[in-house]
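Every value quoted in this text rests on a predicted model; they were computed, and no experiment measured them.
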Amino acid sequence: TAALARSRFEVAQRSLRSAIVVEDVGETPPLSFVGRDAELTVLEAVLEECKNDEVARTLLAIGPIGYGKSRLMDEFLTRIRGDETLRVLTATPRHSEKDIPLSLLHSIVGTSSAERAAADGEHCRRAFTEIIEQSRSASAFVMCIDDAQWADLASMRILEAGLTSFSERPLLIVGMARPGIPKDVRAVWQTTGAHELTLRPLSDRVAERFVHVAALDPPDSQRSMQLAGGNPRLLHALVFAGSPPGNPQFETAAGLFAEQLTQLPVSERNVLSAASIFADRVWPSAVTSLFDGNPSVRRELAALCERKL
């Protein structure tokens, strides 16, 4: 690992192991929740329908990268988690596991790595059914799936079967997905009668409010809004980076992202780059070990995750 890191970091030898040297830093502003009130209202209304009418419902929100799907889900979860009568579960499929049958269900029901080899579809179906049965005393069972475009088809079919079996129970399954969601996976959502929400670009008025609420008011905010094209994350990144008017580097999302990384404090850039060594899945303890156990690394990882970096 030290050999992999040495080309990109200053690596210091500490006794019998190597460590990356970093410094402590502060945090940057989080992404504001602005412009998605209508979508949030729909989510809350569908949940109320589930509770009041005791019916199972599904909802699929679709939008490109940066359109606020995860932020919308976070806001929805923040609001409903104050209701102790609800049973709430969350799941995030991984791109690396999208072609592995039942990978999503395994993460939902808590199948250990050692058990997965022997756990078939029937095992997952029974485990999921048991979770729903255990939620009988709750006013509703809510499951939120972020990055639903990576959900494996086998898991989705079992979720569909569960909804059919418990169609007169207060259940709500919410998915957040990119437009490229596979047709067969999207077809399962449609079979359940999912209410589809399309996240649209922010209007100019909402974009102005977004910048104001984020307490970011650069002199070139109008150009930032023009370049962002209604993409909330791109707009946030542009105003955070303080893009100078006419700088061609900011004409593409890739150029912006590269500049955004340069604006991060050195230690956060180091942590982000170190984490990238592990590719698709990162263990905080493993990244921390690269920095000689520095406790600030976990805080910086959490901050980077919060900003979806």
Side-chain angles (χ1 to χ4, degrees), residues 1 3-5 7-9 60-74 77 89-121 123-125 127-128 131 143-160 173-189 233 253-254 257-258 260-261 268-291 297-298 300-309:
T1 303
L4 287 172
S7 63
R8 295 155 63 184
F9 304 98
L60 181 64
I62 298 177
I65 296 174
Y67 268 47
K69 301 181 296 297
S70 297
R71 187 66 185 86
L72 172 62
M73 179 172 287
D74 289 344
L77 289 170
L89 289 181
T90 60
T92 303
R94 298 178 181 276
H95 176 268
S96 59
E97 298 179 341
K98 63 184 178 66
D99 296 321
I100 301 177
L102 307 175
S103 55
L104 173 59
L105 256 299
H106 285 315
S107 66
I108 292 172
V109 304
T111 310
S112 68
S113 299
E115 297 172 329
R116 288 193 178 195
D120 57 10
H123 166 85
C124 289
R125 186 196 65 77
F128 180 61
I131 290 176
M143 183 165 65
C144 294
I145 306 173
D146 201 5
D147 283 336
Q149 71 276 359
W150 305 137
D152 66 281
L153 184 59
S155 293
M156 289 305 304
R157 284 174 172 163
I158 290 178
L159 293 181
E160 175 196 355
I173 298 181
V174 177
M176 301 286 169
R178 300 175 191 173
I181 180 172
K183 291 182 179 179
D184 50 3
V185 173
R186 188 169 186 172
V188 175
W189 285 95
R233 176 151 298 283
F257 184 65
Q260 186 181 12
L261 292 183
E268 286 197 13
R269 281 206 309 275
N270 285 344
V271 169
L272 183 61
S273 296
S276 72
I277 292 173
F278 297 92
D280 221 24
R281 179 173 295 183
V282 179
W283 293 265
S285 59
V287 179
T288 302
S289 69
L290 293 177
F291 294 88
V297 173
R298 285 182 178 269
E300 289 163 356
L301 275 173
L304 290 166
C305 289
E306 179 67 24
R307 292 195 294 276
K308 308 296 181 184
L309 290 175

Between Met143 and Phe128, is the side-chain contact (heavy atoms from CB on, under 4.5 Å) condition met? List the steps.
CA-CA 11 Å; Met143 183 165 65; Phe128 180 61; 4.1 Å; yes
Tell me yes or no: between the side chains of Asn270 and Ser273, is some donor less than 3.5 Å from an acceptor?
no
Could you go step by step and tell me if Glu300 and Phe291 meet the side-chain contact (heavy atoms from CB on, under 4.5 Å) rule?
CA-CA 12 Å; Glu300 289 163 356; Phe291 294 88; over 6 Å; no
Verify side-chain contact (heavy atoms from CB on, under 4.5 Å) between Trp189 and Met156, making sure each step is shown before the conclusion.
CA-CA 8 Å; Trp189 285 95; Met156 289 305 304; 3.3 Å; yes
Are the side chains of Tyr67 and Ile62 in contact, using a 4.5 Å heavy-atom criterion?
no
Scanning both residues in full, the closest heavy-atom pair of Lys69 with Ala61 reads CD-O, 4.3 Å
Do Asp146 and Thr92 have side-chain N/O donor and acceptor atoms under 3.5 Å apart?
no
Donor-acceptor contact below 3.5 Å, side chain Asp99 vs main chain Asp152:
no
Got a second to check how far Asp120's CG is from Arg125's CZ, nearest 0.5 Å?
10.5 Å
Look up atom CD in Glu160 and atom CD1 in Ile173, then write down how far apart they are to the nearest 0.5 Å.
10.5 Å
To the nearest 0.5 angstrom, please state how far the CG atom of Leu104 sits from the CG atom of Asp147.
11.5 Å
So do Glu268 and Leu272 actually touch side chain to side chain, heavy atoms under 4.5 Å?
no
Heavy-atom side-chain proximity of Ser103 to Pro93 below 4.5 angstrom
no
Which residues pass the side-chain hydrogen bond (donor to acceptor under 3.5 Å, both in side chains) test with Arg157, not counting sequence neighbours?
none
Residue Leu89 excluded, over 12 heavy atoms near CG under 6.0 Å:
yes
pair Met176-Ile145: side-chain heavy atoms closer than 4.5 Å:
no
Nearest heavy-atom contact between Ile181 and Ala148 is CD1-O, 4.3 Å
d(Gln149 CD, Arg186 CZ) to nearest 0.5 Å is 12.0 Å
Could you report the tightest heavy-atom contact between Gly121 and Ile158, atom names first, then the distance?
O-CD1, 3.6 Å
How many angstroms lie between CH2 in Trp283 and OG1 in Thr288, if you round to the nearest 0.5 Å?
13.5 Å
Could you work out, with side-chain hydrogen bond (donor to acceptor under 3.5 Å, both in side chains) as the rule, every residue matching His106, not counting sequence neighbours?
Thr111
Answer yes or no: is there a donor N or O on one side and an acceptor on the other, between the side chain of Ser155 and the main chain of Leu105, under 3.5 Å?
yes
